[in-house]
Amino acid sequence: MLQVPFIRENKTTVLEGLAKRNFSNAEALIDQVLTADENRRATQVSLDNTLAESNKISKEIGALYKSGKAQEANRLKEQTGQLKDSAKELSEKLTEITAALDQLLYQIPNIPHASVKAGSSEEDNEIIFSEGAIPNLGKNALPHWELAKKYDIIDFELGTKISGAGFPVYKGKGARLQRALINYFLDKNIAAGYTEVQVPHLVNTASATATGQLPDKDGQMYHSTVDDLYLIPTAEVPITNMFRGNLVQESDFPICVTGYTPCFRREAGSYGAHVRGLNRLHQFDKVEIVRIEHPNNSYTALEGMVTHIKNILRALKLPYRILRLCGGDTGFTAALTFDFELFSTAQDRWLEISSASNFETFQANRLKLRFKNKEGKSELAHTLNGSSLALPRVLAGILENYQTEQGIQIPEVLIPYTGFEFID
């Protein structure tokens, strides 16, 4: 979340940033935050003064007892009792005000980076790069869901039987190709300096709140109410929360972590051909990269993440493009996001396969993730994450773009991982 001193000192900048996002009722909400903060600070001053007075009188009482003036000391003890009652009331009031202030702050998204353009939807995103030749497959090209059925490698109906729509079953070479992609992505990330971790697939409320999924994405997450645990929508949540509450050293940067997890997301109200097959799922596999960076280096790190994802897609020889998201399409927690889209030749449309984002201090403020600078003072770190990569649409792109009349070729870099060159 945004830091209150930043809001207080940069109200115009904050409102301009929220306007880029088309964030409604921004000025009223910011004014509520500032009013609540004034009350919090005033209450804190009253509490501090009350405690200081109580401590002062306690010392006087001790001195009076030592000098044999017990009657005067007892009179002062009555006063300290009243001060303690006042301090307790002020402390409770401060807790309530602080909690209410946090609830207001949780409603405010991050301020977009200066390079982010205003816009209302994905139609306003900027295409900043494209690469790879779109193959000419001819009139007989099939979408991936038909290829999956033809070669018996993904069974959508069986997944519906077991769980419901959006939970496919990968079979035979389909399952092996899925596993090959996971291992390939992890190996590429490790070679780039990321440390692999295996993390829990359920997180507590504190973790989901710290990375910004709660309360913003509450309705999109699967919630185990008995244990009050949430199925993760991305490995970003447990990986980033590994550092919640940490004070790291400046020499620790960069902190680079990668991990594979299944991911779980509700997709309410999704219908039509654009969600068929692997286009949109409730459960899917993804390999994630997360970085904890010094604020001075976070945007250089973001460029490095984008280049890293580029190199993976180049090696797979898939046609892709990169978009800089506009304010209206940028995620709640992000300051700047680059989306990667793969061209689905058989569907004749672009499919998002990765996002790389810099959150600046927005997540770190909730995480209380700090580092000691050269002057020995504590500062909030910057957090970043990216999909490297989300599997369903990459798999769909491989099936569609590599299809031939004889079967589906396997990208050359994946053959050592699959152990086969062809799906037929």
Side-chain angles (χ1 to χ4, degrees), residues 1-3 5-6 10 17 109-116 128 185-186 188-197 199 207 209-213 234-261 286-312 322 324-325 330-340 354-389:
M1 59 189 174
L2 296 178
Q3 300 176 73
F6 177 82
N10 302 276
N110 203 354
I111 302 305
H113 185 261
S115 65
V116 175
I128 62 170
F185 293 156
L186 285 171
K188 292 290 284 186
N189 296 344
I190 292 166
Y194 291 84
T195 300
E196 183 184 358
V197 295
V199 289
S207 292
T209 302
T211 44
Q213 279 68 34
T234 166
E236 168 202 343
V237 181
I239 291 176
T240 309
N241 272 280
M242 290 167 52
F243 306 97
R244 175 157 48 94
N246 287 15
L247 177 64
V248 301
Q249 300 302 312
E250 196 166 355
S251 58
D252 294 334
F253 296 129
I255 299 171
C256 307
V257 185
T258 186
Y260 152 71
T261 64
K286 186 152 67 86
V287 176
E288 197 81 356
I289 49 177
V290 171
R291 296 178 74 102
I292 314 298
E293 289 281 355
H294 191 288
N296 293 344
N297 191 57
S298 66
Y299 279 97
T300 301
L302 181 61
E303 291 177 10
M305 292 169 71
V306 169
T307 299
H308 174 66
I309 298 166
K310 273 185 183 178
N311 290 336
I312 293 176
I322 304 174
R324 178 166 46 216
L325 300 192
T330 299
F332 187 88
T333 54
L336 176 61
T337 296
F338 294 102
D339 267 8
F340 285 73
S354 175
S355 289
S357 300
N358 188 349
F359 306 106
E360 297 185 356
T361 60
F362 194 85
Q363 286 184 334
N365 192 26
R366 293 196 188 191
L367 289 156
K368 306 305 177 191
L369 169 55
R370 294 181 169 86
F371 71 97
K372 275 197 173 181
N373 62 24
K374 292 177 181 178
E375 289 74 38
K377 295 181 179 179
S378 293
E379 285 186 52
L380 290 173
H382 279 196
T383 63
L384 305 91
N385 89 279
S387 310
S388 180
L389 290 157

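The residues of the chain are indexed from 1 along the displayed sequence. It should be emphasised that the depicted structure is a prediction, and the values quoted were computed from it without experimental measurement.
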Using every non-hydrogen atom in the two residues, find where [X] and [Y] come nearest and quote the distance to one decimal.
X: A364; Y: A381; result: CB-O, 3.1 Å
X: T333; Y: T211; result: CG2-O, 3.6 Å
X: L336; Y: S115; result: CD1-OG, 3.7 Å
X: L389; Y: I312; result: CD1-CG2, 3.8 Å
X: I111; Y: G17; result: CG2-CA, 4.0 Å
X: V290; Y: Y194; result: O-CE2, 4.0 Å

How long is the span from the [atom1] atom in [X] to the [atom2] atom in [Y], to the nearest 0.5 Å?
X: K286; Y: S354; atom1: NZ; atom2: OG; result: 8.0 Å
X: N385; Y: T234; atom1: CG; atom2: OG1; result: 6.0 Å
X: F359; Y: R291; atom1: CZ; atom2: CZ; result: 13.5 Å
X: I309; Y: F185; atom1: CD1; atom2: CZ; result: 10.5 Å
X: F362; Y: L2; atom1: CZ; atom2: CG; result: 5.5 Å
X: I292; Y: Q363; atom1: CD1; atom2: CD; result: 8.0 Å

Q. So do the side chains of N110 and F332 get within less than 4.5 Å of each other, counting heavy atoms only?
A. no
Throw together a table of side-chain donor-acceptor distances under 3.5 angstrom for residues 238-249, partners on residues two or more places apart or in other chains.
from, atom 1, to, atom 2, distance (Å)
T240, OG1, E236, O, 2.6
N241, OD1, R244, NE, 2.7
N241, ND2, S207, O, 2.9
N241, ND2, V237, O, 2.8
R244, NH2, S207, OG, 2.9

Q) In chain order, what residues pass the side-chain contact (heavy atoms from CB on, under 4.5 Å) check against S355, with sequence neighbours excluded? A) T337, D339, E352
Q. With S298, which residues qualify under side-chain contact (heavy atoms from CB on, under 4.5 Å), at least two apart?
A.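 Result, side-chain contact (heavy atoms from CB on, under 4.5 Å) vs S298: E293, N358, H382, L384.
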Check whether [X] reaches the backbone of [Y] with its side chain - one donor and one acceptor, N or O, closer than 3.5 Å.
X: R366; Y: T209; answer: yes
X: N10; Y: F6; answer: yes
X: S387; Y: E288; answer: no

(Q) For K377, is there an ion pair with E375 - N to carboxylate O distance below 4.0 angstrom? (A) no
**Q.** Counterpart residues, salt bridge (Lys or Arg N to Asp or Glu O under 4.0 Å), relative to E360 (two or more places apart)
**A.**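 E360 satisfies salt bridge (Lys or Arg N to Asp or Glu O under 4.0 Å) with no other residue.
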Q: Under the ring pair (Phe, Tyr, Trp, His ring centres under 6.0 Å) rule, collect the residues that match up with F371, sequence neighbours excluded.
A: F253, H294
**Q.** S388 and K188 side chains, donor-acceptor separation under 3.5 Å
**A.** no
Q. Partners of T330 by side-chain hydrogen bond (donor to acceptor under 3.5 Å, both in side chains), sequence neighbours excluded?
A. none
Q) So with a 6.0 Å cut-off around NZ of K310, is the heavy-atom count from everything else above 12? A) yes
